[in-house]
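One structure is given below, encoded as structure tokens.
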Amino acid sequence: VNFEIVKPSAELIGMTVNAHIDEHGVLIPGTSCEGLIEDAGRTCYRSEGRKTQDSYKGFIERIMKRGHLSVVEHASATIVFVTDRGVTHELVRHRLASFSQESTRYVKYNNGPIKIIEPPGLNDAQYLLWADGIDHACRRYGDLLAAGCKPEIARSVLPNALATKITVSANLREWLHILDLRTSEYAHPQIREIMFMAEQLLLKVAPTIIGARNDR
Ligand SMILES: Cc1cc2nc3c(=O)[nH]c(=O)nc-3n(C[C@H](O)[C@H](O)[C@H](O)COP(=O)(O)OP(=O)(O)OC[C@H]3O[C@@H](n4cnc5c(N)ncnc54)[C@H](O)[C@@H]3O)c2cc1C
């Protein structure tokens with residue numbers, strides 16, 4: 001077998017939360033991303049004294065409604081995606097995000113079948129054509145390595161469907177923008193698929209901000 005089909009996925013691996021250093025110099029980490037955004041935003045209005053246990057929600061709803069979005073830049077989230085190289089080529093166009101991606105120069109894909117993402121919507125006949133193309137490409141990759149090519153040269157025959165892992169960090173304003181563009185009906189179906197997964201993760205990080213996405 002020259003290739004193996006794997007599923008696209010998204011996993012949250014980090015987010016910014018509030019924290020402070022106490023009077024003994026000990027770091028006290030918090031747990032709240034939206035609490036940090038409230039703390040940052042209240043600087044604008046000298047309204048720190050109006051903070052309560054759940055005042056962050058109303059505060060954030062008000063700044064979102066006014067378009068005062070620079071405040072939500074104070075927190076970031078990091079998500080690891082497994083998707084194909086065609087999709088990551090689109091993702092890395094988002095200049096305000098930070099990326100670390102598995103390298104086809106340094107990773108040698110000869111340790112078992114090559115991992116491939118199947119595009120959606122293929123009928124049986126289309127699937128056979130597609131699988132034949134992928135099979136040839138993966139076989140020739142192995143042949144080129146066996147003929148002495150370095151991975152960075154042999155990669156030239158690898159298909160867009162090659163599964164790849166990419167870690168993406170962005171602040172919440174940029175995530176809102178990425179979600180807007182990449183969940184839209186005009187976006188590619190495969191980037192939409194992983195962005196709907198990302199939206200579910202980001203709703204856990206910042207439910208008020210991401211939940212208000214469609215009300216802006
Ligand atoms: C449906 C769709 C189809 C596409 N088709 C193509 C295509 O055929 N070919 C192609 O090359 N690309 C294509 N793209 C990519 C697109 O042109 C953008 O490069 C990509 O969506 C990143 O968007 P962005 O620049 O808004 O975002 P980011 O780079 O994430 O930037 C966020 C925001 O920061 C601001 N910003 C960032 N950099 C600058 C700057 N230099 N100057 C001014 N403001 C800036 C802008 O307000 C921008 O919206 C497509 C994108 C979509 C969603």
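Each ligand, and each atom within it, is numbered from 1 in the order the structure gives. Numbers here are sequence positions counted from 1.
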Hey, which atoms in ligand 1 end up nearer than 4.0 Å to a heavy atom of [X]?
X      : result
Tyr186 : 1 (C)
His177 : 24 (P), 26 (O), 27 (O), 30 (O), 32 (C), 49 (O)
His94  : 21 (O), 22 (C), 23 (O), 27 (O), 28 (P), 29 (O), 30 (O)

Legend entry - Presence of salt bridge, Arg182 and Glu90, under 4.0 angstrom: yes
Inset, instruction - Could you tell me whether Lys57 and Glu61 have a side-chain N and a carboxylate O separated by less than 4.0 Å? - result: yes
So, for [atom], does the protein have a heavy atom nearer than 4.0 Å?
atom                    : result
atom 43 (C) of ligand 1 : no
atom 35 (C) of ligand 1 : no
atom 8 (O) of ligand 1  : no
atom 27 (O) of ligand 1 : yes
atom 53 (C) of ligand 1 : yes
atom 24 (P) of ligand 1 : yes
atom 20 (C) of ligand 1 : yes
atom 39 (C) of ligand 1 : yes

For [atom], what's the nearest protein heavy-atom neighbour? Residue, atom name and distance, please.
atom                    : value
atom 32 (C) of ligand 1 : Glu174 OE1, 3.4 Å
atom 50 (C) of ligand 1 : Arg182 NH1, 4.4 Å
atom 11 (O) of ligand 1 : Arg93 NH1, 2.8 Å
atom 45 (C) of ligand 1 : Arg95 NH2, 4.4 Å

Legend entry - Closest contact, heavy atoms only, Thr43 versus Asp39: OG1-O, 3.4 Å
Inset, instruction - Give the contacting part of His188 toward ligand 1: side chain, backbone, both or neither, where contact means a heavy-atom distance below 4.0 Å. - result: neither
Inset, instruction - Calculate, to the nearest 0.5 Å, the distance between atoms CG and SG belonging to Leu144 and Cys149 respectively. - result: 4.5 Å
I'd like to know if the side chain of [X] pairs up with that of [Y] as donor and acceptor (distance under 3.5 Å, no hydrogens or angles considered).
X      : Y      : answer
Thr104 : Glu152 : no
Thr208 : Glu34  : yes
Arg42  : Ser47  : yes
Ser169 : Ser98  : no
Thr83  : Gln190 : no

Inset, instruction - Could you tell me whether Tyr186 atom OH has more than 12 heavy atoms of other residues or ligands within 6.0 Å of it? - result: no
